Amino acid sequence: MKKTNQLSALLVIDVIAFAVVWLMPFGPAVVPVCGILLAVFAAAAMLLSFMLSRSRTVQPHVRIKSIEPVSRINPAQYLTRNGIVCPGGDGRYHVTFLFSDGSKLQLSLSARQAGVLAVGMRGTLVYRDAVFLAFRPDS
């Protein structure tokens with residue numbers, strides 16, 4: 001099981017435990033205990049949410065399948081005197097990564113990030129959800 005799946009499962013269990021304690025009928029003698037439990041469950045939920053937001057996936061043995069420019073109209077583009085469109089500062093590329101099990105992942109990269117990559121490169125991909133973090137080529 002992946003780390004993010006484990007964290008998600010723990011968060012669900014924590015929220016259910018919080019709801020059970022919150023909805024549980026209790027007498028005046030157990031009010032302080034329930035308050036402490038609710039505080040602990042709330043703190044655990046915040047910590048798990050933070051850890052989930054910061055978790056990243058490291059995938060070794062990845063090959064770059066394709067690098068394609070994204071053609072979008074950009075307000076920073078302008079026409080030259082002879083009518084040729086000059087690019088603005090919005091160079092984005094869709095890079096498709098092929099995993100060793102045959103699955104694919106397409107991420108959007110800036111021109112600077114995509115500039116150091118080439119089709120056919122192999123290495124280790126680091127990403128968070130749909131956000132590219134790094135690609136370390138195999139030596």
Side-chain angles (χ1 to χ4, degrees):
M1 194 195 266
K2 289 185 177 179
K3 182 180 177 181
T4 55
N5 291 346
Q6 292 172 342
L7 290 175
S8 297
L10 285 174
L11 182 60
V12 168
I13 292 168
D14 182 67
V15 169
I16 291 171
F18 182 88
V20 166
V21 172
W22 180 266
L23 297 173
M24 183 175 67
F26 50 87
V30 291
V31 171
V33 173
C34 288
I36 291 170
L37 282 175
L38 289 173
V40 168
F41 288 139
M46 290 189 319
L47 177 66
L48 289 168
S49 296
F50 175 76
M51 290 173 63
L52 269 171
S53 71
R54 302 304 304 164
S55 66
R56 59 186 188 172
T57 304
V58 178
Q59 186 71 40
H61 311 295
V62 175
R63 185 174 60 90
I64 298 175
K65 184 177 181 193
S66 66
I67 302 173
E68 300 168 359
V70 178
S71 58
R72 293 188 303 209
I73 295 176
N74 180 1
Q77 292 178 334
Y78 59 93
L79 291 174
T80 62
R81 287 186 212 198
N82 57 0
I84 299 172
V85 177
C86 292
D90 187 53
R92 299 296 298 175
Y93 290 83
H94 283 165
V95 179
T96 304
F97 297 94
L98 184 63
F99 298 128
S100 57
D101 65 356
S103 61
K104 299 176 191 173
L105 175 66
Q106 186 178 57
L107 299 175
S108 179
L109 279 66
S110 68
R112 173 176 268 169
Q113 292 169 324
V116 297
L117 303 177
V119 174
M121 282 179 82
R122 294 182 183 275
T124 302
L125 174 65
V126 181
Y127 64 98
R128 179 182 304 123
D129 294 328
V131 178
F132 174 82
L133 297 176
F135 184 79
R136 295 185 290 261
D138 292 340
S139 51

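In what follows, residues are counted from 1 in the order of the sequence shown. Quick caveat: nothing in here was measured; it's all calculated off a predicted structure.
- In this structure Ser55 satisfies the side-chain contact (heavy atoms from CB on, under 4.5 Å) test together with Thr4, sequence neighbours excluded.
- In the hydrophobic clustering, where aliphatic and aromatic side chains (Ile, Leu, Val, Met, Phe, Trp, Tyr) are joined below 4.5 Å either directly or transitively, Val12 groups with Ile16, Val20.
- For Ala45, the side-chain contact (heavy atoms from CB on, under 4.5 Å) partners are Leu11, Asp14, not counting sequence neighbours.
- The side-chain hydrogen bond (donor to acceptor under 3.5 Å, both in side chains) search around Ser103 returns Asp101, not counting sequence neighbours.
- Atom CG of Asp129 has 12 or fewer heavy atoms from other residues, nucleotides or ligands within 6.0 Å.
- In the hydrophobic clustering, Leu133 connects to Val58, Val126, Val131, either directly or through intervening members, whenever side-chain heavy atoms lie under 4.5 Å apart.
- For Ser66, the side-chain hydrogen bond (donor to acceptor under 3.5 Å, both in side chains) test picks out Thr96, with sequence neighbours left out.
- The ring pair (Phe, Tyr, Trp, His ring centres under 6.0 Å) analysis of residues 30-68, with sequence neighbours excluded, yields no pairs.
- Taking the side-chain contact (heavy atoms from CB on, under 4.5 Å) definition, one finds that Leu98 meets it with Arg63, Lys65, Lys104, sequence neighbours left out.
- Nearest heavy atoms, Gln113 versus Leu109: OE1-CA, 3.4 Å.
- Judged as a side-chain contact (heavy atoms from CB on, under 4.5 Å), and not counting sequence neighbours, the contacts of Met51 are Leu7, Leu47.
- Under the side-chain hydrogen bond (donor to acceptor under 3.5 Å, both in side chains) criterion, Ser108 pairs with Arg92, not counting sequence neighbours.
- In terms of the ring pair (Phe, Tyr, Trp, His ring centres under 6.0 Å) criterion, residue partners of Phe97 (sequence neighbours excluded) are, by chain and number, Phe135.
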